[in-house]
Amino acid sequence: MPANVAAGSGTLRIATWNINSVRLRLPLLSDLVMQLDPDVLCLQETKCPDEHFPHEGVAALGFTHRLARGMKGYNGVAILSKRPILLRTEDPDWCLKGDCRHLGVAVDAPGGPIELHNFYIPAGGDIPDREKNPKFGHKLDFVAEATAWSAARPAKRSIMVGDLNIAPLEHDVWSHRQLLDVVSHTPIEVDALNGWQKAGGWHDALRHFVPADQKLYTWWSYRAADWRASDRGRRLDHVWVSPDLAGGLARHVVLKDARGWVKASDHVPVMVELAT
DNA sequence: ATGGTCGGCAACCGA
């Protein structure tokens with residue numbers, strides 16, 4: 001062991017990906033593993049009931065520890081890990097909907113257990129008005145509940161990842177001006193997300209590496225004729241870490257190439273490596 | 001300004 005590395009410490013690579021059907025895109029997971037080699041991979045939009053989760057295929061990639069929380073057709077999250085993970089049973093059923101948008105675990109990390117939360121926040125529909133659009137209300141209610149939850153238990157040795165479906169910064173979207181009325185970048189959503197982040201004392205791990213005045217996207221619409229040429233992206237996927245882990249942030253990857261894979265998801269994988 | 005494309009699952013809903 002190098003002299004500058006304390007006993008019991010090490011690095012951990014955490015990745016997050018909205019896979020948009022884990023069964024359809026199972027073959028792409030091996031590309032992800034080759035590119036990022038994550039210790040822990042958090043998935044959203046698995047769209048897969050637990051009894052049909054492709055455990056065998058995922059195990060073949062080295063993820064010996066797996067937890068899935070899915071349902072038929074919609075939503076669904078999973079945590080795949082090369083290190084032991086322990087399901088947290090004390091976290092809320094968000095908005096009491098039982099809709100499979102969160103998994104919380106303790107990861108057996110070098111240096112001691114790390115609390116990890118994988119979120120899939122409601123997209124919120126098309127109209128940014130909770131009176132006219134209940135899905136937007138659900139999104140705001142979900143974030144408000146998560147804010148109160150974070151405020152009640154300041155984060156320590158904790159990581160929060162997922163598809164939060166909100167792009168908070170001006171340069172998290174291709175055109176701040178043109179997206180001010182578009183769900184994902186409206187001021188009410190941005191304020192809500194910033195309030196959540198502040199309530200938990202969370203550090204934005206991607207913006208730790210990429211300055212706020214540089215464009216950074218993790219999602220490109222399927223509807224663009226040429227997603228790469230038009231480059232009308234948004235940063236909807238996030239990695240937040242508690243203050244005590246922020247000093248250990250070592251590396252990040254936004255795997256933009258994944259948007260060009262055959263049968264791509266509209267989101268790309270994001271990975272953060274940190275000392276634990 | 002509008003519509004553009006996906007996935008699940010079998011007619012549209014959700015993104």
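Naming convention: chains lettered A, B, ... in sequence-line order (proteins, then strands); numbering from 1 in each chain.
Listed by chain and number, the residues in a side chain to side chain donor-acceptor pair (under 3.5 Å) with A:Arg153 are A:Glu115 (sequence neighbours excluded). Applying the side chain to side chain contact (heavy atoms under 4.5 Å, CB included) rule to A:Pro128 yields the partners A:Phe136, A:Val183, A:Thr186; only residues at least two apart in sequence or on another chain are considered. Shown here are the side chain to side chain contact (heavy atoms under 4.5 Å, CB included) partners of A:Phe209, two or more places apart in sequence or in another chain: A:Leu249, A:His252. Under the rule for a side chain to side chain donor-acceptor pair (under 3.5 Å), the partners of A:Ser175 that lie at least two apart in sequence or sit in another chain are A:Gln178.
You'll find that the side chain of A:Tyr120 is closest to B:dA15, out of B:dC6, B:dA10, B:dA15.
DNA chain B is contacted by A:Ala123, A:Lys135 of residues 122-144 of chain A, taking any non-hydrogen atom closer than 4.0 Å.
The residue A:Arg232 sits apart from the nucleic acid: no heavy atom pair falls under 4.0 Å. Backbone-only engagement by A:Arg101 is indicated by non-hydrogen atom pairs under 4.0 Å involving sugar-phosphate atoms exclusively.
In this structure, OH of A:Tyr74 is placed 13 Å from P of B:dC12, rounded to the nearest angstrom. The distance from atom CD of A:Gln178 to atom P of B:dT2 is 15 Å, rounded to the nearest whole Å. Regarding A:His267, its NE2 atom lies at a distance of 18 Å from the P atom of B:dT5, rounded to whole Å. A:Asn75 has its CG atom 17 Å from the P atom of B:dG7, to the nearest Å. Between the P atom of B:dC6 and the CG atom of A:Asn20 lies a distance of 11 Å, rounded to the nearest Å. Rounded to whole Å, the distance from CG on A:Asp266 to P on B:dA15 is 12 Å. Per the geometry, NZ belonging to A:Lys263 stands 8 Å off C1' belonging to B:dC6, to the nearest Å. Here B:dG14 presents its C1' atom at 10 Å from CZ of A:Arg223, a figure rounded to the nearest Å.
Each of A:Tyr222 and A:Asn18 was assigned the nucleotide of DNA chain B with the nearest heavy atom; the assignment lying further toward the 5' end belongs to A:Tyr222.
Between A:Arg23 and B:dG8, a side-chain N or O to OP1/OP2 separation shorter than 4.0 Å is absent.
Counting only residues at least two apart or in different chains, ring-ring contact (aromatic ring centres under 6.0 Å, His included) contacts with residues 96-120 of chain A comprise A:Trp94-A:His102, A:Trp94-A:Phe119, A:His102-A:His117, A:His102-A:Phe119, A:His117-A:Trp149, A:Phe119-A:Trp149, A:Phe119-A:Trp196.
Within 6.0 Å of CD in A:Glu51 there are more than 12 heavy atoms belonging to other residues, nucleotides or ligands.
Nucleotides B:dC12 and B:dA1, compared at atom P, are 30 Å apart to the nearest Å. Between B:dA10 and B:dG14, the distance separating the two C1' atoms is 16 Å to the nearest Å.
In terms of hydrophobic clustering, with Ile, Leu, Val, Met, Phe, Trp and Tyr side chains grouped at heavy-atom distances under 4.5 Å, A:Leu103 and A:Tyr74 are assigned to different clusters.
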